[in-house]
Amino acid sequence: MTTTSADIQLVPDFGRLWVDTLFETFLDRTGALGELDRRAGDGDFGTNVSSALRRARQSIDVAPPSDYSGWLTAISRGFLGTGGTSGPLFGMFFRDIARCAATGEPTLGEFSSGLTAGLATVQRYGKAQVGHKTMVDALAPAAGTLESAVAAGAAPGTALEKTARAAVGGARGTIELIAKRGRASYVGDVARGVLDPGAAAAAMLLQAAALAQAGPGGRVDTSWIDG
Amino acid sequence: MTTTSADIQLVPDFGRLWVDTLFETFLDRTGALGELDRRAGDGDFGTNVSSALRRARQSIDVAPPSDYSGWLTAISRGFLGTGGTSGPLFGMFFRDIARCAATGEPTLGEFSSGLTAGLATVQRYGKAQVGHKTMVDALAPAAGTLESAVAAGAAPGTALEKTARAAVGGARGTIELIAKRGRASYVGDVARGVLDPGAAAAAMLLQAAALAQAGPGGRVDTSWIDG
Amino acid sequence: MRRQILNSPDDVVSEALEGLALAHPSLIVYRPDPGIVTRAVPARNKVGLVSGGGSGHEPLHAGFVGTGMLDVAVPGAVFASPTALQVHEGTVAADSGRGVVQIVKNYTGDVLNFQIAGELAGDDAVRTETVLVADDLATDTDEDGPGRRGTAAVLAIEKICGASAEAGADLGTVAELGRRVARNARTLSLALSAGTHPGATTPAFSLGQDEVELGVGIHGERGTGRIPFADADTLTARLVEPLVTELGLAKGSSVIAIVNGLGGTYPLELHVAARAVHRGLTGRGVTVARSLVGGYVTSLDMHGLSVTLLPADPDLLPWWDAPVRTPALTW
Amino acid sequence: MRRQILNSPDDVVSEALEGLALAHPSLIVYRPDPGIVTRAVPARNKVGLVSGGGSGHEPLHAGFVGTGMLDVAVPGAVFASPTALQVHEGTVAADSGRGVVQIVKNYTGDVLNFQIAGELAGDDAVRTETVLVADDLATDTDEDGPGRRGTAAVLAIEKICGASAEAGADLGTVAELGRRVARNARTLSLALSAGTHPGATTPAFSLGQDEVELGVGIHGERGTGRIPFADADTLTARLVEPLVTELGLAKGSSVIAIVNGLGGTYPLELHVAARAVHRGLTGRGVTVARSLVGGYVTSLDMHGLSVTLLPADPDLLPWWDAPVRTPALTW
Ligand SMILES: Nc1ncnc2c1ncn2[C@@H]1O[C@H](COP(=O)(O)OP(=O)(O)O)[C@@H](O)[C@H]1O
Ligand SMILES: Nc1ncnc2c1ncn2[C@@H]1O[C@H](COP(=O)(O)OP(=O)(O)O)[C@@H](O)[C@H]1O
Ligand SMILES: [Mg+2]
Ligand SMILES: [Mg+2]
Ligand SMILES: [Mg+2]
Ligand SMILES: [Mg+2]
């Protein structure tokens, strides 16, 4: 019988830290994400993400959240108030993430459940399976990796680091796929060779989570999306 | 003190005879009249006249008129049910002509009054003066000539013959004019050299009246409109 | 090359009127001979209202036959006056014993044929009065000529006279009310492209990419000037400003405004323009007491719009607001 | 090159909605944030009705907000779904305690965002039911795909559900009625030319002079086939025949028919087509119990039309006939 690390609290103020890191991480990368969508989609993904984050930032500036759930709800609402397919899907994903903590900041186990619930919600709405060249290709390995790490008793820092790596790996794997969902599915073979922007963004937000847990001083390395 | 010929009756059945002669006279001339309107107007005059006469013929066929007023009213209504400027003007002109006889066929004096009234009506509605290159240029000399002939005691046949000649003369005089009324007034100098179709038609119908009075055997000579 | 959804160009008016009547069997009846549109249930004991003119301006006039508006519409061929006999039949059909007001847009053919029809109706002991609509500011010149054209203000006159007649006003009162509105209302129009006559393949006139035709009429005639193409706010101001000046509107004035599409203007455009008109007026302190936005007095598929302003005298508003039930206007 | 009466293409939807609300202050209110149109006087104690979707289909949906029809419209950008949050706000605004029916045209984005909004509304204890409109016969294929598109039948559903809700029916009843109409109504469309996106200078697709696009949707997408250009009667038959077959209409059947202009079709054309539809149906012994002819569900300035047929079950007619008072539909 192994001891899980499910009950360990993430770092104090994890919500605020994660959201700050998110803004930081995406700040000058929405152009590159948009370019990916232009190559195998309709090109609006970058605008969609940046306007979601801008909307979130505005609401945070007007009414600063008081706890984890508040910080992540701001992100959720930012995406839910945005267009495209990614807006509502990321919005509902973050809604599950925001709800995972019973009170205050989440435990590692709660965060893991949130990620798993978020993935399920994305799949329920989007009907995408792994291999369809969507954000699911990043989220699914991430959720699975985090569950295993928690079950194996990994410390939060290590667990989230592994999770982020799995997500990046899943996202990179989309390069070789042809899309079965989303606008990219209309262009068939043309999408092969292009990283899926939604998967890339999903991996980036999990990289940001890992960095938030690891503490200040680091930087999310997103150079991998430039392929 | 001279004796007028005002009280002399026109030939029996003058209404029917005139209308028959009218149909005859215009039968194959509406093309030529239309051509004049094409050269200095909008080209619909021939169609307007032929459809007015067709409409009159139909109503006559359905309900054969019983007297002068009935025959001429059919012509009036035919024109009133037709478009263009000439339709309503000739319609109202013939309405006055139809009304001129107290009972049965008109006297020469009644016919003369009818022509004068018709001219006045055309001028009241159309606001055209002699010299404006319209039907008035044929009707005005005709009405004046008939009044004088009646006052001078001319017999109906002679009086109507003079009247027709005056109308034809007036119509021919429009060739040298530039139009001040109607569509032809929009084309300015281009209309000079072109016989006014409305004046030509007015003269033709008075030629037909003279022939109806003169009795069978004659033919209205409309070759002058080909100029 | 423009194409149209038509059968024979000759039949377009009668077929469309048949279609209109089939769509509104409880409101109107189309009588192909003599070519008039009447209410399905003729009104009794009220002043009759007849209007008409060339077709191509739909829903005008047939679309405004019904309770609270016209009794009879008399449509001519496209852009051509109905005949005097047609108008006569329409006038007689509109009479229920208290006389008929003829609402006539100022065009030579219409004026002539309605005038004659009025005279013919007199033979049938039908009393008539005429309201001449001459609202087009673009044709307001001092020159001795036919005078201002009649355009979209006809809608306001049909609505207001219709309400007054429905309420039982007598012949002289309805006509005088109509004449007052006709005196006070002005319209100005512009177009980005002309309409195409049924059966034709090119628009009545063409414009350069940077040109907008200002002061167009509704019969495919060119306007009185050309202005540079610009955004909706700028273009709309070119209509509103001269109207405001002409009507002497100022802070505290109140108007009824009609923002009218000319046939080829789609709803987003028209409502963007309506907003601009509204703001243009309220920005000058002029209250928009009532407004109407839509394609009501068109010129085939002309791409453009007209703005009609009518000072909203307090006693006019109840007539404007009174119930109306026609194919194209109902409240 | 097509030109339009606009300011900035980005502002076209919000400006047009502001214009619409200014023209109908007694009927509707536009709330720019969150971007919804509500009744001027919210209904109390009735099932709420919300619909929405991309803009460019005016007067749909904002033009159908009012007594007897929608409580709230949620307009997205041109041809783009409104956001989930917008729909959520609209859904909550439509609720007066008895739950809300969401009427959703079948497009991926709309379906997704309305579904999410329904779930969010559940958090606010607002019960929701969904009526999915998927009437476009052209997209009725066996293939595993998004299914038939939602087009002009949405108008019939909003009208009929609106009347039922106004009469006090409960949530399940209104929704079930809407679903029944959605199951039974079918639409087919054709276009002579595509619409032009605000800010664009060329239509979404182009056609040869002899081609007509059959089975077009309302988002500028091409149709499912091309047929030769022909007269109105022939073209209209290409819409009516497949609908009659699909719905199994025969002698003795009775339908509600909507002949809908797609934005660039002017009234004469549309009424000539309406006549042809009417004759095509009655010629087959099918009664046209009710019909509606006009530009109601458009695709910017697309030149074309759609025909929607809905079997006129006797119990539907009173809902169809019930009073309605909205900017674009009033009787
Ligand atoms: N059905 C789906 N399920 C999950 N993710 C999807 C689905 N469809 C698209 N996506 C994701 O959304 C991304 C595109 O988002 P975005 O550009 O906002 O949407 P749109 O395709 O509507 O323009 C894709 O890169 C993909 O990752
Ligand atoms: N104001 C007028 N008064 C009298 N006759 C006129 C007037 N205007 C035009 N006409 C006559 O009408 C004729 C043209 O008739 P028609 O072609 O039917 O009319 P339109 O000019 O409306 O097409 C002209 O040749 C002229 O004789
Ligand atoms: Mg995209
Ligand atoms: Mg997109
Ligand atoms: Mg002519
Ligand atoms: Mg003419």
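Computed from heavy atoms alone, side chains included, the values below leave out hydrogens, waters and symmetry copies.
- Neither the backbone nor the side chain of D:V277 comes within less than 4.5 Å of any heavy atom of chain C.
- Interface residue C:L207: only side-chain heavy atoms are found under 4.5 Å from chain D.
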Worked check of side-chain contact (heavy atoms from CB on, under 4.5 Å) between C:R3 and D:F229: CA-CA 9 Å; C:R3 300 181 298 167; D:F229 180 62; 3.6 Å; yes

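- Heavy atoms of C:T196 lying under 4.5 Å from chain D belong exclusively to its backbone.
- Note on D:D231, D:N7, D:V272, D:T330: by heavy-atom pairs under 4.5 Å with chain C, the leading option is D:N7.
- Between C:L268 and D:G56 the shortest heavy-atom distance is CD1-CA, 4.2 Å.
- Most heavy-atom pairs under 4.5 Å with chain C, from the set D:H303, D:R279, D:E15, D:H24: that is D:E15.
- In plain terms, the two heavy atoms of C:R275 and D:L22 that are nearest each other are CA-CD1, 4.2 Å.
- Most heavy-atom pairs under 4.5 Å with chain D, from the set C:L20, C:V78, C:V12: that is C:L20.
- Heavy atoms closer than 4.5 Å to chain D are found nowhere in C:V288, neither backbone nor side chain.
- Using a 4.5 Å cut-off between heavy atoms, C:R2 makes no contact with chain D at all.
- Heavy-atom minimum distance, C:A23 versus D:V293: CB-CG2, 3.6 Å.
- D:W331 approaches C:R325 most closely through the heavy-atom pair C-NH2, 3.5 Å.
- For the residue pair C:A273 and D:I5, the shortest heavy atom distance occurs at CB-CG2, 4.5 Å.
- A distance of 9.0 Å separates CG in D:L300 from CD in C:E269, rounded to the nearest 0.5 Å.
- Side-chain contact between D:Q4 and C:Y266: present, with at least one pair of heavy atoms (C-beta onward) separated by less than 4.5 Å.
- Residues in residues 287-296 of chain D take part in these side chain to side chain donor-acceptor pair (under 3.5 Å) pairs, two or more places apart or across chains: D:R290-D:D321.
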